[in-house]
Amino acid sequence: MPPLSRWTQRGGLGKLLFTAPMLIVFGLFSWWPILRSLVLSFQRTNLVTDPTWVGLRNFSRVLADPLLATAAWNTVWFTALALVVGFPVPVLLAVFIGELRRTRTIASVLVYVPIIIPPVVAVLLWKQLYDPSEHGLLNTVAGWAGVGPFPWLQSAETAMPSIVVQATWAGFGTTTIIYVAALMSVPPELYEAAELDGAGVLRRVWHITLPQLRPVILLMLILQVIGTFQVFTEPYVMTGGGPDNSTVTLLMLIFKYAFVAGDFGKATALSLMLAVFLTALSAVYLRATRGWKHS
């Protein structure tokens with residue numbers, strides 16, 4: 001019997017017809033824009049007039065933009081701060097929730113609450129908290145401690161750290177729940193044996209919890225790096241890239257090329273450069289950490 005006939009008798013045709021709508025929608029709204037952007041990166045177009053084929057000229061125009069280095073540095077700075085400030089927070093919260101017995105469910109719900117707030121609403125809320133006057137909420141609290149007032153978003157030195165704090169608050173809930181779910185798969189016998197040996201909380205966390213979470217931590221680390229390199233909403237709504245371009249990011253530069261200057265070819269060229277960089281970074285990271293998951 002031909003292979004095609006055997007495949008049809010085993011229900012292959014029915015499975016294909018069942019998944020076809022999903023595949024069509026996924027291809028139309030996911031892969032087609034990617035392929036279309038590859039073409040746009042070699043054209044000069046505003047999506048209204050007829051495009052002009054310019055080859056690699058869009059890439060050279062992007063590299064010649066003096067704002068590119070500033071946006072790239074700001075993006076790297078945001079990523080570094082987010083890793084230092086925001087990456088340990090979900091791990092610590094998950095470990096804390098994992099040590100709870102009766103209130104674990106309530107704690108998990110409270111941790112997830114910030115995710116429920118729409119991103120723009122959360123950013124606007126924090127923008128009000130960052131009121132630089134002495135009557136602003138955060139400056140009022142700082143005044144109780146005898147410090148401040150601080151300029152927060154109005155200073156090039158404090159604007160990016162302030163955005164990182166807000167982004168950490170807005171995003172730690174999902175990651176924490178992922179870590180908590182991973183902790184549920186840790187054999188309880190390990191903790192029981194450690195308790196019988198007299199191990200305290202810190203020793204259980206260091207010798208059992210963190211090693212068991214290592215594969216998830218390594219995965220979440222690269223996902224956070226990819227996500228932070230694509231930061232847009234927080235700096236765009238909070239500062240608009242200021243002051244003095246100190247919070248302009250690569251995605252904000254892409255937005256400027258596309259929707260301010262109307263140069264979609266240049267915007268897709270920078271998008272493609274960012275995608276290639278993140279793909280290469282992910283490949284290097286996954287290769288370098290391949291043996292760490294079970295070491």
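Residue numbers start at 1 and run along the sequence shown.
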Chemist: For Phe42 and Phe59, take the angle between the two ring planes, folded into 0 to 90°, and tell me which bin it lands in: parallel under 30, tilted 30 to 60, perpendicular over 60.
Modeler: tilted

Chemist: Work out which heavy atom in Ser108 is nearest to a heavy atom in Ile177; give both atom names and the distance.
Modeler: O-CD1, 3.7 Å

Chemist: Between atom OG of Ser282 and atom CG of Leu286, what is the distance when rounded to the nearest 0.5 Å?
Modeler: 6.0 Å

Chemist: Taking ring pair (Phe, Tyr, Trp, His ring centres under 6.0 Å) as the cut-off, I'd like each qualifying pair that reaches into residues 156-175, sequence neighbours left out, listed once.
Modeler: Trp126-Trp169

Chemist: How far apart are the closest heavy atoms of Leu129 and Leu137, and which atoms are they?
Modeler: CD2-CD2, 3.2 Å

Chemist: Does Leu23 share a hydrophobic cluster with Trp32, counting links as ILVMFWY side-chain heavy atoms below 4.5 Å and allowing steps through other members?
Modeler: no

Chemist: Does the side chain of Val165 reach to within under 4.5 Å of the side chain of Tyr130, using non-hydrogen atoms?
Modeler: yes

Chemist: Hey, any chance Val121 and Met238 share a hydrophobic cluster, counting ILVMFWY side chains that come within less than 4.5 Å of each other, even indirectly?
Modeler: yes

Chemist: Membership question, hydrophobic clusters at under 4.5 Å side-chain separation (ILVMFWY): are Trp77 and Phe87 in the same one?
Modeler: yes

Chemist: Can you tell me if CG on Leu35 sees more than 12 non-hydrogen neighbours from other groups inside 6.0 Å?
Modeler: yes

Chemist: Are the side chain of Arg204 and the backbone N or O of Ala194 linked by a donor-acceptor pair below 3.5 Å?
Modeler: no

Chemist: Given the rule in the side chain to side chain contact (heavy atoms under 4.5 Å, CB included) test, do Ile178 and Val216 qualify, once you have shown the distances and angles that lead to the verdict?
Modeler: CA-CA 8 Å; Ile178 292 174; Val216 181; 4.0 Å; yes

Chemist: Would you say Leu81 and Met160 make side-chain contact, with heavy atoms under 4.5 Å?
Modeler: yes

Chemist: Counting C-beta onward and ignoring hydrogens, is there a side-chain heavy-atom pair between Tyr179 and Thr175 closer than 4.5 Å?
Modeler: yes

Chemist: Can you give me every donor-acceptor pair (side chain of residues 217-234, partner residue at least two apart or in another chain, under 3.5 Å) with its distance?
Modeler:
from   : atom 1 : to     : atom 2 : distance (Å)
Gln224 : NE2    : Ala82  : O      : 3.1
Thr228 : OG1    : Thr79  : OG1    : 3.3
Thr228 : OG1    : Gln224 : O      : 2.8
Thr228 : OG1    : Val225 : O      : 3.0
Gln230 : NE2    : Ile226 : O      : 3.1

Chemist: Before giving the answer on side chain to side chain contact (heavy atoms under 4.5 Å, CB included), spell out for Val123 and Gln166 the whole-Å C-alpha distance, their side-chain angles and the decisive distance to 0.1 Å.
Modeler: CA-CA 7 Å; Val123 172; Gln166 188 280 328; 3.8 Å; yes

Chemist: On a heavy-atom basis, which atom in Gly27 and which in Pro33 lie closest, and how many Å separate them?
Modeler: O-CD, 4.4 Å

Chemist: Consider only side-chain heavy atoms of I, L, V, M, F, W and Y, link residues closer than 4.5 Å, and tell whether Leu40 and Trp31 are in one cluster.
Modeler: no

Chemist: Table please: side-chain donor-acceptor pairs of residues 62-76 below 3.5 Å, with sequence neighbours left out.
Modeler:
from  : atom 1 : to     : atom 2 : distance (Å)
Asp65 : OD1    : Leu67  : N      : 2.9
Asp65 : OD2    : Tyr257 : OH     : 2.4
Asn74 : ND2    : Thr70  : O      : 3.2
Asn74 : ND2    : Asn245 : O      : 2.8
Asn74 : ND2    : Ser246 : O      : 3.4
Asn74 : ND2    : Val248 : O      : 3.0
Thr75 : OG1    : Ala71  : O      : 2.7
Thr75 : OG1    : Leu250 : N      : 3.0

Chemist: Please list all pairs meeting side-chain hydrogen bond (donor to acceptor under 3.5 Å, both in side chains) that have one or both residues in residues 37-46, counting only residues at least two apart or in different chains.
Modeler: Asn46-Thr49

Chemist: Can you check side chain to side chain contact (heavy atoms under 4.5 Å, CB included) on Phe255 and Leu251, steps first, answer last?
Modeler: CA-CA 6 Å; Phe255 178 86; Leu251 252 67; over 6 Å; no

Chemist: Could you walk me through whether Lys127 and Leu153 pass the side chain to side chain contact (heavy atoms under 4.5 Å, CB included) test, one step at a time?
Modeler: CA-CA 8 Å; Lys127 190 174 181 179; Leu153 301 174; 4.2 Å; yes

Chemist: Let me confirm one number: the CZ-OG1 distance from Phe78 to Thr249, rounded to the nearest 0.5 Å.
Modeler: 8.5 Å

Chemist: Within the 4.5 Å heavy-atom criterion, are Gln154 and Pro243 side-chain neighbours or not?
Modeler: no

Chemist: Hey, are the side chains of Gln212 and His207 touching, using non-hydrogen atoms and a 4.5 Å cut-off?
Modeler: no

Chemist: Hey, mind stepping through Asn139 and Trp152 against side chain to side chain donor-acceptor pair (under 3.5 Å) and telling me if it holds?
Modeler: CA-CA 9 Å; Asn139 277 335; Trp152 303 117; 3.0 Å; yes

Chemist: Looking only at heavy atoms, which two atoms of Ala142 and Phe150 are closest? And how far apart?
Modeler: CB-CE1, 3.9 Å

Chemist: Should Leu272 and Thr268 count as side-chain neighbours, where that means a heavy-atom distance under 4.5 Å?
Modeler: no

Chemist: How close do Ala269 and Asn58 get, heavy atom to heavy atom, and via which atoms?
Modeler: CB-CB, 3.8 Å

Chemist: If you count every heavy atom of other residues, nucleotides or ligands that lies below 6.0 Å from Tyr236 atom OH, does the total exceed 12?
Modeler: no

Chemist: Could you list the residues that satisfy side chain to side chain contact (heavy atoms under 4.5 Å, CB included) with Phe96, not counting sequence neighbours?
Modeler: Leu100

Chemist: In this structure, would Leu274 and Val276 fall into the same cluster of hydrophobic residues linked by side-chain contacts under 4.5 Å?
Modeler: yes

Chemist: Measuring from atom CG of Leu92 to atom CD1 of Ile97, what distance do you get when rounded to the nearest 0.5 angstrom?
Modeler: 11.0 Å

Chemist: For residues 252-280, which residue pairs qualify under salt bridge (charged side-chain N to carboxylate O under 4.0 Å, His left out), counting only residues two or more places apart or in two chains?
Modeler: Arg61-Asp263

Chemist: Less than 4.5 Å apart, any side-chain heavy atom of Thr158 and any of Ser155?
Modeler: yes

Chemist: Quick check: closest heavy atoms across Leu17 and Pro21, and the distance to 0.1 Å?
Modeler: O-CD, 3.4 Å

